[in-house]
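All residue numbers in this chain count up from 1 along the given sequence. Keep in mind that this is a model prediction, so the values were computed, not measured. Values reported hereafter were calculated over all heavy atoms of this structure, with side chains retained and with hydrogens, waters and symmetry mates removed.
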Amino acid sequence: MDMCAAKRIDIISDTHGCLSAVLLDELEGADLILHAGDLTSESDYFELATIAPIKAVLGNNDYFYDYGPDVRSTATFTYEGLRFAMTHYRENLPEGAIDVAVCGHTHRPVIVRRGRGLLVNPGSPTYPRTMDGPSMARMYVQDGQVLSAEIVSLMR
């Protein structure tokens with residue numbers, strides 16, 4: 001696989017109205033941003049969309065905000081030949097032929113195998129609930145394959 005041709009997906013969740021300079025620097029160059037809920041700021045949503053195309057879902061703190069008709073409680077889509085599903089709560093993720101399942105809410109980062117695919121929770125860049133500090137996730141994909149997936153520390 002040619003990593004130069006791969007697409008970079010940056011995954012965040014639980015920003016709670018705060019996009020730090022460190023987070024914004026890390027997101028530069030992304031081909032797609034996924035936000036797994038609790039944005040709690042329309043202006044943050046539109047700022048993220050200036051960096052890269054964004055797909056987002058509603059978190060438990062987002063129901064008073066208007067991000068437009070494309071942001072709902074669940075998102076399923078295909079990108080680079082991979083089937084994605086994203087919700088704020090892990091227990092609401094659909095079962096079945098999903099290559100990458102994305103959730104948030106816990107503020108605790110994890111990447112694990114889930115059936116034939118991956119489950120990704122990027123943690124929180126704003127209010128982490130681990131000693132590892134603020135985080136996000138990053139994956140490279142191409143031609144229906146996840147080439148790499150990692151948790152990115154935002155401690156500086």
Any residue meeting side chain to side chain contact (heavy atoms under 4.5 Å, CB included) with Phe64, in chain and number order, not counting sequence neighbours: none
Minimum side-chain heavy-atom gap Glu80-Ile9 below 4.5 Å: no
Hydrophobic cluster identity match, Met86 and Ile111, side-chain contacts under 4.5 Å: yes
Side chain to side chain donor-acceptor pair (under 3.5 Å) partners of Arg113, counting only residues at least two apart: none
CZ/Arg8: more than 12 non-hydrogen atoms of other groups inside 6.0 Å: yes
Joint hydrophobic cluster, Val152 plus Leu27, side-chain heavy atoms closer than 4.5 Å: yes
Main-chain N/O of Arg108 paired to Arg129 side chain as donor or acceptor, under 3.5 Å: no
Test side chain to side chain contact (heavy atoms under 4.5 Å, CB included) applied to Ser20 - qualifying residues, sequence neighbours left out: Val22, Leu23
Set of salt bridge (charged side-chain N to carboxylate O under 4.0 Å, His left out) partners for Glu28, sequence neighbours left out: none
Atom pair CG/NE2 of Asp38 and His107 - distance to nearest 0.5 Å: 6.0 Å
Spatial distance of atom CD1 (Ile11) from atom OG (Ser135) [nearest 0.5 Å]: 11.5 Å
Non-hydrogen atoms of Met155 and Gly133 that approach each other most closely: SD-CA, 3.6 Å
Residues Thr106 and Asn121: side-chain donor-acceptor under 3.5 angstrom: yes
From NE2 (His35) to CG (Leu19), nearest 0.5 Å: 7.0 Å
Side-chain heavy atoms of Tyr65 within contact of Leu39, under 4.5 Å: no
Heavy-atom pair with the smallest gap, counting every atom of Ala56 and Val71: O-CG1, 3.6 Å
All side chain to side chain donor-acceptor pair (under 3.5 Å) counterparts of Asp62, not counting sequence neighbours: Tyr67
Side-chain donor/acceptor of Thr40 to backbone N/O of Asn61, under 3.5 Å: no
Value rounded to 0.5 Å, distance of CD in Gln142 from CG in Leu82: 10.5 Å
Tyr127 reachable from Ile12 in the ILVMFWY side-chain graph, under 4.5 Å edges: no
Closest contact, heavy atoms only, Ala149 versus Leu118: CB-CD1, 3.9 Å
Shortest non-hydrogen separation from Cys103 to Leu93 and the atoms involved: CB-CD1, 4.1 Å
Heavy atoms from other residues, nucleotides or ligands near CZ of Phe46 exceed 12 (cutoff 6.0 Å): yes
Ser41 versus Ser43, closest heavy-atom pair with distance: OG-OG, 3.1 Å
Verify same cluster id: Leu32, Val141 (apolar side-chain graph, 4.5 Å): yes
Any side-chain heavy-atom pair of Asn92 and Thr74 under 4.5 Å: no
Steps toward side-chain contact (heavy atoms from CB on, under 4.5 Å) verdict (Tyr79, Val100): CA-CA 10 Å; Tyr79 184 76; Val100 180; over 6 Å; no
Carboxylate-amine/guanidinium contact Arg138 Asp10, below 4.0 Å: yes
Nearest non-hydrogen partners of Asp44 and Cys18, listed with the distance: OD2-N, 3.4 Å
Residues forming a side chain to side chain donor-acceptor pair (under 3.5 Å) with Tyr45, sequence neighbours excluded: none
Expected output: side-chain Thr76 to main-chain Ala85 donor-acceptor under 3.5 Å: no
Straight-line distance of Ile151 CD1 to Asp132 CG, nearest 0.5 Å: 9.5 Å
Inter-residue atom distance Ser13.OG - His88.NE2, 0.5 Å rounding: 5.5 Å
Short side-chain to backbone donor-acceptor contact, Asp99 and Arg83, under 3.5 Å: yes
Lys55 charged N/C atom sitting above Phe84 aromatic ring, 6.0 Å / 45°: no
Leu119 reachable from Val57 in the ILVMFWY side-chain graph, under 4.5 Å edges: no
